[in-house]
There are 2 protein chains.
Amino acid sequence: MSSSNNITPLFQDLAKLENEQHRAVCQDCSLSRLCLPLGLHNDDLVQLDKIIKRSNSYKRGHSLFSIDTPFKSLFVVRSGSFKTTISASNGREQVTGFYFPGEFIGLDAIHEQVYKSNARALESSSVCELPYENLQELGQEMPQLQLQLLSRLSKELSGDKGLMLLLGKKSAEEKLATYLLSLSKRFNERGYSATEFQLSMSRTDIGNHLGLAVETVSRLFSRFQEQGLIAIAGKTISLQAMDKMDALCK
Amino acid sequence: MSSSNNITPLFQDLAKLENEQHRAVCQDCSLSRLCLPLGLHNDDLVQLDKIIKRSNSYKRGHSLFSIDTPFKSLFVVRSGSFKTTISASNGREQVTGFYFPGEFIGLDAIHEQVYKSNARALESSSVCELPYENLQELGQEMPQLQLQLLSRLSKELSGDKGLMLLLGKKSAEEKLATYLLSLSKRFNERGYSATEFQLSMSRTDIGNHLGLAVETVSRLFSRFQEQGLIAIAGKTISLQAMDKMDALCK
DNA sequence: TTATCACCATGATCTAAATCAATAAAGTTA
DNA sequence: TAACTTTATTGATTTAGATCATGGTGATAA
């Protein structure tokens, strides 16, 4: 089956596309409008392109870096998806985020120059690696680049404040509805369907991220389906009443 | 009673000191080692100083800015303390952070150029205002300043990930213990006692921030006191067994 | 001085979601 | 293909912490 089937693939077609293009430079990359190049002039883009290392595929479960190792590079997802986790001293883990193409991983490592989380691929995925030292040098010549970086950090910060509200104040139902709509929005921004997509993360990961038990997530999926809000089969989900879902977010 | 009494005052003495100095410039400010000037040369410091607006005192409860208003400036606490909140569409609020001298407020507004939260003084407090446009211009000439900004954003991001772990995975007891130690650390970094300080925020604010009901916070304070972990009277708290407290954080 | 109001403490009760338990799918490996 | 292993679903039971209720305390003010 071609990549033109009617459900959203796990961003694999992007990977395929870019492999065919012999690892497209930033100028040709379909993500540039969501990524660091936003607002850069073509000359600057050429410069940026030179410092970027394009990775091979990371297989499901493989780590981009692990916690407490020296910070060298920021990463931008090129295809696939990742999760980041941090852990408490007794081993409990918290999924702190999911990352899709064009999104930055490792921004929280800049301060201490040490990775503060673990980043794992949720499926076969690839990244662009941005060596921070080079990025720094480049930033001195390209104010736009610096502003982009600040803006991305600020965006993630703002998103995390929203997650604090979710974790601290929302009911299980509100949490899951909020999460599904956030996914929908991000898929849509990337040119995919806002209503039909694949959940590349497990129920356990979703629950962990939202501060819920797996069982609660399962039950809620079932209930949302009974109520006609969604249709879900394994990892494929379809949002069938965005308005009602939106009302659930509170 | 003078500010030399034996318990930590609410950062009021700093304010007093700086008023006496006719609003000290960055070069003379006791906070510079915790603040934006870190790593800047003296010449650069003079430049930075020129763009900073030093505020009068904000009274308890007064807002630095409110949600959804255009972003103009970042703020750094000069004396006193602030809380930031965001709210869900149904009115529920989440306290997203407490801010002490040298800490930045408004970093999450850079991305959308709109304040995404509300910032209120918890006591009589003052700030340094950094107009973002000026900061940007200055940043182009002073790479160190840009790096400092990125670093501060990254630090807050990293802290927020920790809060996600706290909100999502920790028990009430662990939450409060973690919170008290975080305060202790921050007071200590500012030259105050790590074991005796004033809680400028209400029990309600603490509970809200940690995802707990006020009653739970009250009960835990009482229990920690019974167990000899702390001594608490109103807003004055003394940590009497840091090691045990640390063990509680998990 | 007492009235008012916001904040705090503590007991009694309730409940949303966790945990425990068992089974069923869906992947993976041999 | 069967033998495992991991992941997901669904039901029964438990529980941590919320909510409800009441009274205390301390600050501000009239």
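All values reported here derive from a predicted model rather than from experimental measurement. For the numbers below, each heavy atom of this structure counts, side chains included, while hydrogens, waters and symmetry mates do not. Numbered from 1 within each chain, the chains take letters A, B, ... in sequence-line order.
- With DNA chain C read from its 5' end, the first of the two nearest nucleotides for Gly234(B) and Lys175(A) is the one closest to Gly234(B).
- One finds no side-chain N or O of Arg219(B) lying less than 4.0 angstrom from the OP1 or OP2 phosphate oxygen of dG17(D).
- Between Arg223(A) atom CZ and dT9(D) atom P the separation is 15 Å, expressed in whole Å.
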Letter per nucleotide, 5' to 3', of nucleotides 24-30 of chain C [B base touched, S only sugar-phosphate touched, - untouched; heavy atoms, 4.0 Å]: -------
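- Counting only heavy atoms from C-beta outward, the side chains of Phe65(B) and Ile105(B) approach each other to under 4.5 Å.
- Side-chain contact between Val77(A) and Ser125(A): absent, with no pair of heavy atoms (C-beta onward) separated by less than 4.5 Å.
- In this structure, the side chains of Glu103(A) and Arg190(A) come closer than 4.5 Å at one or more pairs of heavy atoms.
- Within the 3.5 Å criterion, the main-chain N or O of Ser81(B) finds no donor-acceptor partner in the side chain of Ser200(B).
- Here Asp108(A) does not pair with Lys116(A) in a salt bridge; the nearest charged N to carboxylate O distance is not below 4.0 Å.
- Counting any heavy atom pair closer than 4.0 Å across all strands shown, Ser202(A) reaches sugar-phosphate atoms only and no base atom.
- Remark: P of dT9(D) and CG of Leu199(A) are 10 Å apart, rounded to the nearest angstrom.
- Separating the CD1 atom of Ile206(B) from the P atom of dC7(C) is a distance of 13 Å, rounded to the nearest angstrom.
- Regarding Lys169(B), its NZ atom lies at a distance of 15 Å from the P atom of dA17(C), rounded to whole Å.
- Contact annotation for Ser222(B): backbone-only contact, meaning every heavy-atom pair under 4.0 Å involves sugar-phosphate atoms and none involves a base.
- Contact of the Leu64(B) side chain with the Tyr99(B) side chain is not registered, since no non-hydrogen atoms from C-beta on lie closer than 4.5 Å.
- When the C1' atom of dT9(D) is taken as reference, atom CG of Leu176(A) falls 15 Å away, rounded to whole Å.
- Rounded to a whole Å, the CD atom of Glu173(B) is 17 Å from the P atom of dT15(D).
- In this structure, Arg60(B) contributes its side chain and Ser124(B) its backbone to no donor-acceptor pair below 3.5 Å.
- Contact check for Lys170(B) versus Leu210(B): no side-chain heavy atoms found under the 4.5 Å cut-off.
- Considering only heavy atoms from C-beta on, Ile232(B) stays 4.5 Å or farther from Phe224(B) through its side chain.
- If you check residues 208-216 of chain B against DNA chain C, the residues with a heavy atom closer than 4.0 Å are Glu215(B), listed by number.
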Distances under 3.5 Å between protein N/O atoms and the N/O atoms of nucleotides 26-30 of chain D, please, pair by pair.
none

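- In this structure, Leu157(A) and Asp160(B) have side chains that are in contact, with non-hydrogen atoms separated by less than 4.5 Å.
- Taking the six-membered ring for Trp and the full ring otherwise, the centers of Phe100(B) and Phe82(B) sit at least 6.0 Å from each other.
- Between Ile237(B) atom CD1 and dC8(C) atom P the separation is 12 Å, expressed in whole Å.
- Straight-line distance from the CD atom of Glu174(A) to the C1' atom of dA16(C): 12 Å, rounded to whole Å.
- A donor-acceptor contact shorter than 3.5 Å is absent between the side chain of Glu196(A) and the backbone of Ser193(A).
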